[in-house]
2 protein chains.
Amino acid sequence: MDNTHDTDLRIEHSPTTLRELAVERLRNAIISARFNGGDRLVERTLCDQLGVSRSVVREAIRVLEAEGLVETMPRSGPVVATLDWPRARQIYDIRRLLEADAAAACARKADAKVHARLQAALAVLEVAVSEGVASRARDTTTAFYEVIFTAAENDIAWEIVKRLNGRISRLRALTLASTNRRISGPAHMARICAAICRSDPAGAAQAVRDHLDDAAEIAHTLLIEAP
Amino acid sequence: MDNTHDTDLRIEHSPTTLRELAVERLRNAIISARFNGGDRLVERTLCDQLGVSRSVVREAIRVLEAEGLVETMPRSGPVVATLDWPRARQIYDIRRLLEADAAAACARKADAKVHARLQAALAVLEVAVSEGVASRARDTTTAFYEVIFTAAENDIAWEIVKRLNGRISRLRALTLASTNRRISGPAHMARICAAICRSDPAGAAQAVRDHLDDAAEIAHTLLIEAP
DNA sequence: TTCGGTATTATGGTATACCAACATACCAAA
DNA sequence: TTTGGTATGTTGGTATACCATAATACCGAA
């Protein structure tokens with residue numbers, strides 16, 4: 001009996017708790033605009049809606065607070081976070097810094113496998129955007145960037161970016177799909193992909209910055225002109 | 001009766017919940033190394049130590065998990081997060097990006113009041129470091145950076161940086177106080193302060209990067225050579 | 001009709017109870 | 001001594017109870 005690979009028999013059972021399910025369900029409800037910015041999140045109502053006890057709801061709210069999706073104000077309990085332009089601007093600024101850095105690192109480190117993965121993600125993304133379903137466009141873009149951050153070995157930055165994206169999720173869906181752009185969302189991604197695949201860190205970083213400059217400009221228009 | 005400043009009479013009473021107190025107490029216990037990386041955080045034990053019910057403890061743990069100070073593994077409950085060099089490296093990388101950007105923005109935006117505030121914070125910091133109490137050095141450095149981020153109007157980035165600093169808190173105290181540096185911690189801060197006060201964005205950003213390069217190198221030494 | 005006082009309801013904060021799952025201790029048999 | 005089976009203890013996950021506070025409704029007096 002060869003015991004060299006004992007770890008192959010290890011049972012890795014990670015039970016999903018109600019809390020985790022509640023977090024995910026609420027997060028999606030917020031991101032998909034089922035709950036809008038400023039909406040009260042009343043614990044007992046959420047209990048009814050989710051079919052769980054208040055303990056679970058409260059802990060889930062703590063998690064979502066930490067993600068910036070929920071704000072708890074004194075005397076009025078948790079509400080869905082609102083987003084104004086100054087905050088959105090900050091989020092785009094931070095993303096620009098972190099995503100450009102990750103793209104550059106990815107361009108330096110990526111091998112042929114990563115290139116293939118990135119190109120596959122781009123293809124899926126292009127289909128999703130052309131189909132015009134905002135949530136699909138957003139999810140496939142997230143997957144595209146995940147390839148980049150994973151290859152860049154920046155999982156902490158990726159966690160931060162994901163959270164920031166959660167906070168601007170409605171904006172993001174709109175800006176990705178926006179048709180009044182000089183360069184479409186997918187075309188921006190294609191430029192990022194091309195720069196990474198020719199191992200051009202500076203070009204990749206610049207392509208990311210271009211994309212985010214564009215997205216931020218659209219977000220600004222959406223937030224300032226249609227409050 | 002002039003009602004122009006009705007808001008001056010507004011009572012802004014924000015009650016501090018047990019949860020908030022528990023979060024703060026636990027966070028400090030982790031940051032100050034009373035709990036070390038890998039230590040089990042057993043709920044019922046924490047209840048006894050903190051003198052609160054399990055509800056409060058559980059919600060506090062959810063918050064600290066979100067900050068990255070606590071990790072909950074399947075089947076073994078929450079433990080204090082450990083820190084290895086790859087993760088520390090990422091944290092220093094992200095800080096470098098965000099802090100350099102904030103310093104540059106601060107250098108562009110700061111007026112004489114901000115300069116004075118920054119210089120005052122630097123003076124306090126220098127005293128604290130010379131006194132050799134690590135927690136004081138850390139807190140005063142945090143205050144120094146808070147002036148910068150506030151002036152840069154980057155409160156979201158500041159939240160992120162604070163959290164990241166929490167995760168490397170023990171390292172941070174050691175690197176700030178480290179005496180085997182070509183340029184001391186306070187001297188680095190003085191360079192940052194000087195660049196900001198002469199309104200030199202590029203110089204400020206570079207001074208921050210120099211500081212963080214130095215700190216990361218020391219952290220690397222500490223983590224790799226003394227595991 | 002307006003206003004003040006009181007009663008009622010809603011809600012968040014906190015404590016406690018219950019249960020399932022896992023870990024550990026103990027004991028008897030081989 | 002080793003091993004298997006059982007009992008016991010520990011612990012996290014979840015549900016529920018209780019309480020204080022704030023908000024709202026209601027009613028009577030001016």
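Below, chains carry the letters A, B, ... as their sequence lines are ordered, and counting in each starts from 1.
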Next item on the list: Describe, in one word, how the ring planes of B:H220 and B:W85 are oriented to each other, choosing from parallel (under 30°), tilted (30 to 60°) and perpendicular (over 60°).
Entry: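 Rings of B:H220 and B:W85: perpendicular, as their planes differ by over 60°.
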So, is [X] near the phosphate of [N], with a side-chain N or O under 4.0 Å from OP1 or OP2?
{"X": "A:S53", "N": "D:dA15", "result": "yes"}
{"X": "A:R19", "N": "D:dG13", "result": "yes"}
{"X": "B:R40", "N": "D:dG12", "result": "yes"}

Item checked: Nearest atoms (heavy-atom pairs only) where B:L26 meets B:A60 ->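 Here B:L26 and B:A60 meet closest at CD1-CB, 4.2 Å.
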Next item on the list: Please report the shortest heavy-atom distance between A:W158 and A:T142, naming the atom on each side.
Entry: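 Closest approach of A:W158 to A:T142: CH2-O, 3.4 Å.
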In this structure, how many angstroms lie between the [atom2] atom of [N] and the [atom1] atom of [X], rounded?
{"X": "A:E43", "N": "D:dC19", "atom1": "CD", "atom2": "P", "result": "18 Å"}
{"X": "B:L18", "N": "D:dC19", "atom1": "CG", "atom2": "C1'", "result": "13 Å"}
{"X": "A:E65", "N": "C:dG13", "atom1": "CD", "atom2": "C1'", "result": "13 Å"}
{"X": "B:R54", "N": "D:dC18", "atom1": "CZ", "atom2": "P", "result": "19 Å"}
{"X": "A:R44", "N": "D:dT16", "atom1": "CZ", "atom2": "P", "result": "13 Å"}

Check: Which is true for A:T17 with a 4.0 Å heavy-atom rule: it touches a base, it touches only sugar-phosphate, or it touches nothing?
Finding: sugar-phosphate
Next item on the list: Scan A:L46 against the nucleic acid and name what it touches under 4.0 Å (heavy atoms): base, sugar-phosphate only, or nothing.
Entry: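 A:L46: no heavy atom of the nucleic acid under 4.0 Å.
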Notebook entry, point to check: With a 3.5 Å cut-off and no angle check, do the side chains of B:N165 and B:R138 form a donor-acceptor pair?
Noted result: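 No.
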Note to self: I want to verify a distance call: between D:dT14, C:dG12, D:dG13, whose nearest atom is closest to the B:R62 side chain?
What the structure shows: D:dG13
Margin query: Looking only at the side chain of A:E59 (C-beta and beyond, no hydrogens), which of the listed nucleotides C:dG13, D:dT14, C:dA15 gets closest?
Written below: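 Among the listed nucleotides, the one closest to the side chain of A:E59 is D:dT14.
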Next item on the list: Output the distance between atom CG (A:L97) and atom CG (B:D101), rounded to the nearest 0.5 Å.
Entry: 4.5 Å
Next item on the list: Would you mind telling me which residue lines up with the more 5' stretch of DNA chain C, A:P78 or B:S55, judged by nearest nucleotide?
Entry: A:P78
Notebook entry, point to check: Would you say the side chain of A:R58 and the base of C:dG12 hold a donor-acceptor pair, judged only by whether the two atoms sit under 3.5 Å apart?
Noted result: no
